[in-house]
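Structure record follows, encoded as structure tokens.
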Amino acid sequence: MLRYLPFLLMLALTIYAFIDCLNTPEEEVKHLPKVVWVLIILIFTIVGPVVWLFAGKKRQGSPAGGARGAAGRRGWVAPDDNPDFLRSLKDEDKKDDNKNRDGDDPT
């Protein structure tokens with residue numbers, strides 16, 4: 001069973017690189033046209049996918065130090081990092097405190 005592992009890993013890498021190349025917009029492909037990259041990935045099954053992953057696509061790196069500022073964030077933000085969500089929790093907590101002071105004691 002273990003003798004098939006290198007073949008399966010090579011096949012998985014080739015499939016991943018092939019799909020990644022097909023899904024990459026033409027503007028983000030570097031050095032060669034997209035069709036040439038697809039051919040390289042399929043013909044050179046060991047070297048082609050590795051070269052595609054390292055040199056074929058523009059990668060978006062994080063700023064120096066790996067830290068991402070507010071301007072670097074895109075899309076969904078975790079609730080514990082979202083200032084609007086944290087603010088809404090504080091507002092709800094204040095409302096609950098005001099209800100407990102004005103009304104009956106919930107205990």
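Just so it is clear, the structure is predicted and the values come from calculations on it, not from any experiment. The first residue in the sequence is number 1, and the count goes up from there.
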Can I get a per-line list of side-chain donor-acceptor pairs under 3.5 Å for residues 7-15, giving both atom names and the distance, sequence neighbours left out?
| from | atom 1 | to | atom 2 | distance (Å) |
| --- | --- | --- | --- | --- |
| Thr14 | OG1 | Met10 | O | 2.8 |
| Thr14 | OG1 | Thr45 | O | 3.2 |

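- Every residue was checked against the side-chain hydrogen bond (donor to acceptor under 3.5 Å, both in side chains) condition with Arg3, not counting sequence neighbours, and none meets it.
- Contact annotation: the side chain of Asp20 approaches that of Leu53 to within less than 4.5 Å [non-hydrogen atoms, C-beta and beyond].
- Residue Leu22 places its CG atom among more than 12 non-hydrogen atoms of other residues, nucleotides or ligands, all under 6.0 Å distant.
- Looking at every heavy atom in both residues, Cys21 comes nearest to Ile41 through CB-CD1, 3.8 Å.
- The line from CG of Asp91 to CG of Leu86 is 11.0 Å long, rounded to the nearest 0.5 Å.
- Between Leu2 and Pro6, the shortest heavy-atom contact is O-CD, 3.6 Å.
- Looking at Lys90 and Asp93, no side-chain N of the basic residue comes within less than 4.0 Å of a carboxylate O on the acidic one, giving no salt bridge.
- Leu5 and Val50 are not part of a single hydrophobic cluster, where members link through side-chain heavy atoms under 4.5 Å apart.
- In this structure, Leu89 CG and Asn82 CG are separated by 10.0 Å, a value rounded to the nearest 0.5 Å.
- Among residue pairs with one or both ends in residues 21-46, those qualifying as ring-ring contact (aromatic ring centres under 6.0 Å, His included) are Trp37-Trp52; sequence neighbours excluded.
- No donor-acceptor pair closer than 3.5 Å links the side chain of Lys34 to the backbone N or O of Glu27.
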